[in-house]
Amino acid sequence: MNLAAVDLALIGGTGVYRLAALENVETHQPQTAYGEPSGPVRIGQWAGKRVAFLARHGEGHSIPPHKINYRANLAALKALGASRVLALNTVGGISERCGPRALVLADQIIDYTWGRVSTLCEEPGSEVLHVDFGEPYSTGLRRALLAAGVAAGVELVGTGCYGATQGPRLETRAEIARMRRDGCDLVGMTGMPEAGLARELGLEYASLGIVANWAAGAGPDPDEIITMEEVLANVDAAMQQVPRLIQTLLQAL
Ligand code: HPA
């Protein structure tokens with residue numbers, strides 16, 4: 001197994017199951033102390049850098065958000081040599097600046113999920129860590145992404161609060177209204193516990209939110225029904241810009 005350091009690991013969310021830009025791809029099926037990751041980790045070359053990719057829901061989108069083995073996914077990426085992780089998160093937009101197809105670099109999180117294994121400190125004999133999480137995302141990686149956005153001409157919303165919900169159902173309008181009052185700009189189902197576990201593992205971790213739809217009741221038509229077709233069409237459209245952003249980031253790493 002080639003254990004050369006990985007310059008950047010990407011975790012793909014709903015609608016992002018492969019990275020076409022990767023060349024000379026090796027496929028790894030790592031086992032971890034926490035079990036199996038969502039699927040194979042594919043590692044290849046991109047812009048002269050070593051890049052890993054893992055589809056968070058599995059390559060056939062078969063794993064719902066609350067069943068994802070977040071610990072195994074991150075531990076596998078770390079074991080394969082990654083220290084930097086960029087999570088792609090398909091999200092709903094709550095605040096006006098986060099409409100469909102926007103790309104958002106969240107800087108805060110509120111966690112509304114429940115019943116998920118959210119720490120590495122559950123194993124018998126493991127030391128309990130109370131990691132600092134005041135800034136939940138890596139400042140350095142966020143800064144590098146913002147600079148890459150400017151250099152690549154890809155517009156990014158540079159801040160935002162990500163509200164993590166349990167899913168897999170979408171939210172009620174009352175839930176989204178409450179999240180708006182709480183200060184959430186985005187809603188998604190996979191941002192936590194992933195970000196917290198990344199911090200426990202000492203990974204540099206940031207999230208690129210890809211806005212697929214207005215969250216329930218948040219858009220101009222409050223009666224709008226969110227469909228999977230709309231979600232996937234908007235993710236596809238927004239993803240047109242993402243390879244350029246990542247390539248520019250890789251060139252700067
Ligand atoms: N809510 C939660 N998660 C999502 C949404 C949403 O509206 N859209 C895409 N992921």
Side-chain angles (χ1 to χ4, degrees), residues 10-18 38 54-68 70 73 86-116 118 136-137 156-157 159-197 205-242:
L10 294 155
I11 302 180
T14 299
V16 185
Y17 307 112
R18 288 281 178 138
S38 298
L54 172 63
R56 186 186 285 114
H57 296 275
E59 289 182 349
H61 197 105
S62 55
I63 313 173
H66 63 295
K67 293 282 190 194
I68 290 168
Y70 295 94
N73 286 353
L86 175 59
L88 306 181
N89 293 97
T90 301
V91 293
I94 298 176
S95 60
E96 219 165 286
R97 63 204 175 96
C98 298
R101 304 189 180 189
L103 298 173
V104 187
L105 266 185
D107 64 339
Q108 280 297 326
I109 301 176
I110 298 179
D111 188 4
Y112 302 89
T113 67
W114 49 271
R116 301 184 182 188
S118 58
Y137 300 109
L156 297 175
V157 179
T159 58
C161 179
Y162 179 111
T165 56
Q166 181 71 359
R169 67 162 176 81
L170 295 166
E171 299 71 33
T172 65
R173 289 183 205 153
E175 286 168 334
I176 294 298
R178 176 178 77 145
M179 292 177 75
R180 190 198 288 277
R181 290 193 297 276
D182 285 352
C184 295
D185 299 291
L186 305 169
V187 54
M189 301 172 190
T190 54
M192 286 295 284
E194 197 172 88
L197 291 165
Y205 176 95
S207 157
L208 180 67
I210 299 159
V211 183
N213 55 278
W214 285 114
D221 172 8
D223 294 325
E224 186 192 359
I225 299 209
I226 302 163
T227 64
M228 208 55 199
E229 290 72 44
E230 173 200 358
V231 164
L232 294 178
N234 281 329
V235 173
D236 273 354
M239 276 301 291
Q240 299 297 315
Q241 310 238 64
V242 172

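We count ligands from 1, going down the list as the structure has it; atoms in each ligand are counted the same way.
- In this structure, V235 and A212 approach most closely via the heavy-atom pair CG2-CB, 3.8 Å.
- Between N213 and ligand 1, at least one N/O pair is under 3.5 Å apart.
- Both the backbone and the side chain of V187 come within 4.0 Å of ligand 1, judged by heavy-atom distances.
- Looking at atom 10 (N) of ligand 1, its nearest protein heavy atom turns out to be T90 O, 3.3 Å.
- Within ligand 1, the atoms closer than 4.0 Å to a non-hydrogen atom of G92 are 4 (C), 5 (C), 6 (C), 7 (O), 8 (N), 9 (C), numbered from 1 in the order shown.
- Without hydrogens or angle criteria, Y70 side chain to P65 main chain gives a donor-acceptor distance under 3.5 Å.
- Summarising the local packing, CD of E59 is surrounded by more than 12 heavy atoms from other residues, nucleotides or ligands at distances under 6.0 Å.
- Remark: L197 CG to R116 CZ distance equals 11.0 Å, nearest 0.5 Å.
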Side-chain donor/acceptor pairs under 3.5 Å, residues 98-112, sequence neighbours excluded:
residue	atom	partner	partner atom	Å
R101	NE	N234	OD1	2.6
R101	NH2	N234	OD1	3.2
D107	OD1	G160	N	3.0
Q108	NE2	G134	O	3.0
D111	OD1	T113	N	3.0
D111	OD1	T113	OG1	2.7
Y112	OH	D182	OD2	2.5

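- Remark: ligand 1 atoms within the under-4.0 Å shell around heavy atoms of E171 are 1 (N), 2 (C), 6 (C), 7 (O).
- Residue contacts with ligand 1 leave out V231, since none of its heavy atoms falls under 4.0 Å from the ligand.
- When each atom of ligand 1 is checked for a heavy atom of M189 under 4.0 Å away, the hits are 2 (C), 3 (N).
- The protein atom (non-hydrogen) at minimum distance from atom 6 (C) of ligand 1 is L170 CD2, 3.4 Å.
- To the nearest 0.5 Å, atom CZ of residue R180 and atom CZ of residue R173 are 13.0 Å apart.
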